[in-house]
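Beneath this line is the structure, given in structure tokens, with notes to follow.
When a ligand or atom number is given, it counts from 1 through the structure's own listing order.
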Amino acid sequence: MNVYDSERMMDALGTSGYVETDTPDDADMILLNTCHIREKAAEKIYSELGRYKPFKLKKPDLKIGVAGCVAQAEGEEIIRRQPMVDLVVGPQAYHRLPEMAEAVGAGVKQVDTDFPEEDKFDHLPIRPKAKRAPTAFLTVQEGCDKFCAFCVVPYTRGAEVSRPVDKIIREANELVERGVVEINLLGQNVNAWHGEKDGAEWGLAQLIRELAKIDALKRIRFTTSHPNDMDDDLIAAHGDVEKLMPYLHLPVQSGSDKILKTMNRKHTAAQYLKLVERIRDVRPDIALSGDFIVGFPGESESDFADTMALCEKVRYAQAYSFKYSPRPGTPAADRSHVDEREKSNRLAQLQELLSQHQMDFQQSMIGKTLPVLLEKPGRMAGQMIGKSAYLHAVHMMAAPELAGTVVQARILWSDKNSLAAEIA
Ligand code: 5AD
Ligand code: SF4
């Protein structure tokens, strides 16, 4: 979502004449977009800001800003810790960037971490008809009402808000007109998206079915989903909407019912496994991906063993796993913590299992012919890279003009994180 938001910030600042530059030497403004989800991500911004100090010393009217969820969570504290920062802007206030930049130009530091009543997207222009990469993000939902005990999102991104159907369809059409053939619908809790059209209630599945009618749009994806919001229609869509890709990111966080309960996830391991079974019933080849937290407060050896057992049952095609990181203001932050060495030890075990499953899934592709959406030139001359329907990175020798088209590719071998192929 930060990639999408950075583009929207560029759109907003474009109206004041700003254009992107490749080097900080050329910049009149440096805006850092930040993530607050784990401590490591949040702390990174202060070292990153340090790197820009010499530029500010050389060019005193250089504007330095911090955007994103660290801006939202820390507000003025950022300027106190790093006084060269001129502007702090939370994710709900990006439409105010042009006026904030102007005020900074007049010498007034700016902090905006409000959650305004109006839809920020109404005020965020889309850049003029520039050609776009073949695949694009489109935010349909923001914020979260789930309040998992470890998570800052409900505080930094605010309450769950769905964007209206018509605006989403308009934005999708605009993207397609500019060359986009794959859209990834985004939301912190994307499958909680709901809307209304012609008096009828819509869920995410209906939105996907409607977007699938756009002829030049070839592929649809969505991320990230909460298991409890996978309704019957969305499960069915994986079986009957051809443009919906066979890949689903469905975080579970833990395989232990005790930990799931104290995490406030509101489902059990068995319910999650049942859901996976129902999805695989309609789409047997679906690639599943997940998120895991190890060392959540109270996690015993046997709770961790339950997580390993769940992974063995699901066999994820791909997964992200993290050590629990206490976040200020969240319910779990004050609970007694698992020893750091134990956390590292469990993370290493889990990651070994997850990479084994990822490797097995990749290797099962060798010899198959898969549709691959070619995106951009690869590292080697004459090479192009793209994505399989299962979201593998795939590289092959191909003409650059094929960017934006789906080719049939025969998979030759599997590297650690990608597949090598030839056009079939
Ligand atoms: N500590 C560790 N991991 C976290 N995540 C969210 N909050 C925390 C935290 N406090 C992980 C979850 C989530 C992903 C985006 O980040 O697994 O699904
Ligand atoms: Fe955070 Fe996701 Fe839980 Fe919402 S559902 S609180 S975004 S982990």
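With ligand atoms numbered from 1 in the order given, ligand 2 contributes 6 (S) to contacts under 4.0 Å with heavy atoms of Phe147. Taking every heavy atom of Phe322 and a limit of under 4.0 angstrom, the matching atoms of ligand 1 come to 3 (N), 11 (C), 14 (C), 16 (O), 17 (O). Residue Phe150 has at least one heavy-atom neighbour below 4.0 Å for each of these atoms of ligand 2: 8 (S). For ligand 2, the atoms lying closer than 4.0 Å to a non-hydrogen atom of His226 are 5 (S). Each of the atoms 4 (Fe), 5 (S) of ligand 2 lies under 4.0 Å from some heavy atom of Lys146.
Summarising the local packing, CG of Asp22 is surrounded by 12 or fewer heavy atoms from other residues, nucleotides or ligands at distances under 6.0 Å. Counting non-hydrogen atoms of other residues, nucleotides and ligands closer than 6.0 Å to CD of Glu77 gives a total above 12. Within a 6.0 Å sphere centred on CD of Glu39, heavy atoms belonging to other residues, nucleotides or ligands number 12 at most. Other residues, nucleotides and ligands contribute only 12 or fewer heavy atoms inside 6.0 Å of the NZ atom of Lys261.
Taking the ring centre of Tyr94 as origin, the terminal cationic atom of Arg96 falls outside the region bounded by 6.0 Å and 45° from the ring axis.
Remark: minimum distance from atom 5 (N) of ligand 1 to any protein heavy atom is reached at Arg38 NH1, 3.6 Å. Closest to atom 6 (S) of ligand 2 among all protein heavy atoms lies Cys148 N, 3.3 Å. Summary of contacts: the protein heavy atom closest to atom 1 (Fe) of ligand 2 is Cys151 SG, 2.3 Å. Among all protein heavy atoms, the one lying closest to atom 9 (C) of ligand 1 is Ser325 O, 3.5 Å.
Taking backbone and side-chain atoms together, Cys144 has an N/O/S atom less than 2.8 Å away from atom 4 (Fe) of ligand 2.
Ring geometry, His238 versus Phe222: the interplanar angle falls from 30° to 60°, so the pair is classed tilted. Relative ring orientation between Phe55 and Tyr52 is described as tilted, the plane-to-plane angle lying within the 30° to 60° band.
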What's the verdict on side chain to side chain donor-acceptor pair (under 3.5 Å) for Gln362 and Ser414, showing C-alpha distance, side-chain angles and the deciding distance? CA-CA 6 Å; Gln362 282 177 210; Ser414 166; 2.9 Å; yes
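With a heavy-atom cut-off of 4.0 Å, Pro251 does not touch ligand 2 at all. Contacts of Gln253 with ligand 1, taken as heavy-atom pairs under 4.0 Å, involve the side chain alone.
Polar contact check, Arg327 against ligand 1: no nitrogen or oxygen pair lies under 3.5 Å apart. Below 3.5 Å of separation, one finds no N or O of Tyr324 facing any N or O of ligand 1. Taking any N or O of Phe150, backbone or side chain, at least one lies under 3.5 Å from an N or O belonging to ligand 1.
Residue contact check for ligand 2: Arg265 places a non-hydrogen atom closer than 4.0 Å to it.
Nearest-residue assignment for atom 2 (C) of ligand 1 (options His226, Lys323, His36; heavy-atom criterion): Lys323. The residue from Thr330, Ile293, Asp291 that puts a heavy atom closest to atom 13 (C) of ligand 1 is Asp291.
A distance of 9.5 Å separates CG in Leu373 from CE in Met384, rounded to the nearest 0.5 Å.
Phe292 pairs with exactly one of Ser254, Pro251, Cys311 by the side-chain contact (heavy atoms from CB on, under 4.5 Å) rule, that one being Cys311.
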